[in-house]
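All values reported here derive from a predicted model rather than from experimental measurement.
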Amino acid sequence: MFKVENNIYCIGINDHSIDLFEGMYKVPDGISYNSYVILDEKVAVLDTADAHFGEQWLNEVKEVLGGRQPDYLVIHHMEPDHSANIQNFLKVYPNVQVVGNAKTFVMIKEYFGFDVTNTVKVDEGSVLKLGKHSLRFVMAPLVHWPEVMVSYDEHSKVVFSADGFGKFGALDVDQPWDDEARRYYIGIVGKYGAQVQSLLKKLSALDVKKICPLHGPVLEGDLSHYIGLYDTWSSYRPEKDAIMVAYASVYGHTKAVAEMLADMLKKAGKEVIVADLARADRAKCVADAFMCSKLVLASVTYNAEIFPCMREFIDCLAERNFRSRTVAFIENGTWAPISAKLMRERLSGCKDLNFIGQTVKVRAAFSEENAPELETLVNELVK
């Protein structure tokens with residue numbers, strides 16, 4: 001628990017017991033579940049915490065309240081890692097009013113099987129006055145659930161951003177924001193770029209001094225860095241002029257060609273990221289592909305198909321609206337070398353991709369016949 005501003009407190013629960021966030025994202029540095037309390041003439045508690053930390057969260061809320069009774073419980077986002085303690089909170093503070101939008105209250109019933117009777121329903125532009133502090137609500141549907149909303153405290157100029165601007169990693173882990181925020185955003189929110197752009201447009205009209213997300217640290221100082229990255233990510237623009245070489249190899253021959261290409265590109269002065277898709281963290285690979293301007297996919301043909309980890313990687317890209325990149329292929333196969341054709345087909349629904357015409361076609365192992373193809377591919381990528 002720590003002070004965000006005068007009369008605004010963050011209750012940050014650090015979870016180091018979790019291995020997979022949302023059942024699929026590796027979180028070796030844990031995750032935080034953030035809740036906030038505003039103490040004014042009226043008291044508002046903003047969101048709850050994961051079910052496993054109900055007692056700890058309630059004790060910390062009680063400590064911040066210092067004997068006062070809360071007036072409101074504001075629910076920005078109904079995902080259970082933030083809403084699982086609504087009923088426990090209401091048992092302790094039965095007179096509190098629950099603040100949400102129309103979809104919030106439907107989801108409370110669906111998830112937890114009870115109706116909230118003491119409610120304050122808000123929509124776009126609604127204001128909840130607490131005294132000096134006033135929360136103005138901004139609807140943010142599909143960032144990344146349909147009921148999501150954020151709120152802006154007009155007094156302190158703090159935005160409570162729900163899952164927006166969140167990151168992996170517990171609050172007691174000192175690490176840079178960008179990488180784990182990128183992995184979080186691309187994996188969880190990345191499909192909904194248009195909706196994030198809509199939210200950013202709304203926030204641009206506000207004088208924002210701090211951003212308080214439901215996961216990760218409170219953001220302050222030069223917010224243009226964080227907002228700029230969100231604008232880049234949600235616009236599907238590359239962050240940097242770099243090349244990712246992602247490969248799927250069985251006996252090491254495809255790996256050898258991928259690494260050969262990477263070495264040639266580095267010697268030509270390019271920044272290169274190489275990923276073994278069978279072993280690397282999938283979410284990081286997807287985030288790296290979105291970060292780079294160019295992508296090379298190198299896959300062995302397997303059962304007359306793309307090697308499974310490559311197929312899953314491409315599907316993850318397509319699901320998150322991968323677009324506006326240059327893509328090249330390396331295929332490996334002896335009797336059925338068709339992985340390049342299949343990889344391209346699997347990307348066919350992605351918009352604004354520039355496919356390099358030169359495909360490196362390896363027959364089992366790299367041979368001198370492949371050298372001109374590889375050289376041509378390097379020249380195309382370096383252009």
Side-chain angles (χ1 to χ4, degrees), residues 22 25 76-79 82 101-104 122-126 135-154 157-168 177-216 218-241 283 286-293 295 316-326 347 349-354:
E22 291 194 351
Y25 299 102
H76 290 99
H77 181 23
M78 270 300 300
E79 209 163 359
H82 309 301
N101 56 64
K103 293 177 181 177
T104 307
V122 296
D123 50 26
E124 187 74 39
S126 296
L135 292 177
R136 180 175 297 277
F137 292 96
V138 177
M139 298 300 113
L142 293 178
V143 184
H144 58 116
W145 278 22
E147 88 301 347
V148 171
M149 62 185 188
V150 306
S151 62
Y152 174 67
D153 177 23
E154 297 176 330
K157 305 187 187 309
V158 171
V159 166
F160 300 95
S161 60
D163 270 356
F165 296 95
K167 68 176 283 292
F168 295 130
W177 185 85
D178 294 13
D179 289 345
E180 286 297 74
R182 181 189 303 106
R183 192 165 70 94
Y184 177 95
Y185 173 88
I186 298 297
I188 295 171
V189 191
K191 183 175 182 176
Y192 305 107
Q195 289 80 5
V196 173
Q197 282 286 304
S198 177
L199 175 60
L200 291 177
K201 184 176 180 180
K202 293 177 183 180
L203 294 181
S204 70
L206 305 174
D207 181 14
V208 180
K209 300 299 185 186
K210 293 184 181 182
I211 299 174
C212 293
L214 290 175
H215 298 291
V218 171
L219 304 179
E220 53 189 328
D222 183 8
L223 297 181
S224 64
H225 174 75
Y226 311 107
I227 294 171
L229 282 176
Y230 253 63
D231 181 50
T232 296
W233 296 339
S234 57
S235 300
Y236 303 104
R237 302 192 308 269
E239 279 181 64
K240 55 173 66 176
D241 180 20
V286 172
D288 284 343
F290 275 87
M291 179 173 63
C292 295
S293 58
L295 173 65
C316 285
L317 296 179
E319 181 184 337
R320 289 155 180 80
N321 295 332
F322 189 67
R323 62 187 302 170
S324 304
R325 303 295 194 280
T326 294
L347 287 167
C350 299
K351 298 179 180 178
D352 303 323
L353 295 183
N354 171 38

(message) I need the R325 CZ to Y236 OH distance, nearest 0.5 Å.
(response) 10.5 Å

(request) May I ask you to decide if M139's main-chain N or O and E124's side chain share a donor-acceptor pair within less than 3.5 Å? (result) yes

(message) Looking at every non-hydrogen atom in both residues, tell me the closest pair between S293 and D241 and how far apart they are.
(response) OG-OD1, 3.2 Å

(request) Determine whether Q195 and P141 make a side-chain contact, defined as any pair of heavy atoms from C-beta on separated by less than 4.5 Å. (result) no

(message) Give me the atom names and distance for the closest heavy-atom approach of W233 to E239.
(response) NE1-OE2, 2.7 Å

(request) Please report the closest heavy-atom contact between V189 and V143, naming both atoms and the distance. (result) CG1-CG1, 4.2 Å

(request) Can you see which heavy atom on Y152 is nearest to which on D207, and at what distance? (result) OH-O, 2.7 Å

(request) Evaluate the side-chain proximity of K209 to V158: yes if any heavy-atom separation is below 4.5 Å, no if none is. (result) no

(request) May I ask you to say whether R237 pairs ionically with D231, meaning some side-chain N is under 4.0 Å from a carboxylate O? (result) yes

(message) How close do P213 and S161 get, counting heavy atoms only, and between which atoms?
(response) CA-OG, 3.3 Å

(request) Determine whether Y185 and L229 make a side-chain contact, defined as any pair of heavy atoms from C-beta on separated by less than 4.5 Å. (result) no

(request) Before accepting this row, confirm whether a basic side-chain N of the pair E220/K210 lies closer than 4.0 Å to the acidic partner's carboxylate O. (result) yes

(request) Would you indicate whether the side-chain heavy atoms of V148 and L142 approach each other to under 4.5 Å? (result) no

(message) Give me the atom names and distance for the closest heavy-atom approach of L206 to K202.
(response) CG-O, 3.8 Å

(request) May I have the step-by-step check of side chain to side chain contact (heavy atoms under 4.5 Å, CB included) for L199 and Y192, ending in yes or no? (result) CA-CA 11 Å; L199 175 60; Y192 305 107; over 6 Å; no

(request) Could you tell me the separation between the CD atom of E79 and the CH2 atom of W145, rounded to the nearest 0.5 Å? (result) 4.5 Å

(message) Can you tell me how far apart CG (L353) and OG (S324) are? Round to the nearest 0.5 Å.
(response) 7.5 Å

(request) Give the ring-plane orientation class for H77 versus H144, where under 30° counts as parallel, over 60° as perpendicular and anything between as tilted. (result) perpendicular

(message) Quick check: do H225 and D178 have side-chain heavy atoms less than 4.5 Å from each other?
(response) yes

(message) To the closest 0.5 Å, what do you measure between CE (M291) and NZ (K240)?
(response) 4.5 Å

(request) First locate atom CZ of F290, then atom OG1 of T232, and finally report the distance between them rounded to the nearest 0.5 Å. (result) 13.0 Å

(request) Flag the pair L317 / L295 as yes when at least one side-chain heavy-atom distance between them is below 4.5 Å, and no otherwise. (result) yes

(message) Can a side-chain donor-acceptor contact be found between E147 and T104 if the only test is distance below 3.5 angstrom?
(response) no

(request) Measure from the side-chain N and O atoms of N101 to the backbone N and O of D123, and report whether any donor-acceptor pair falls under 3.5 Å. (result) no

(message) The criterion is side chain to side chain donor-acceptor pair (under 3.5 Å); which residues satisfy it with R320, sequence neighbours excluded?
(response) Y25

(message) With heavy-atom distances below 4.5 Å as the criterion, would you say the side chains of L214 and D163 are in contact?
(response) yes

(message) Suppose we screen for salt bridge (Lys or Arg N to Asp or Glu O under 4.0 Å). Which residues come up paired with D352, at least two apart in sequence or across chains?
(response) R323

(request) Would you give the length of the straight line joining atom OG of S151 to atom CZ of F137, rounded to the nearest 0.5 angstrom? (result) 5.5 Å

(request) Could you label the plane-to-plane angle of the Y230 and W177 rings as parallel, tilted or perpendicular, counting under 30° as parallel and over 60° as perpendicular? (result) tilted

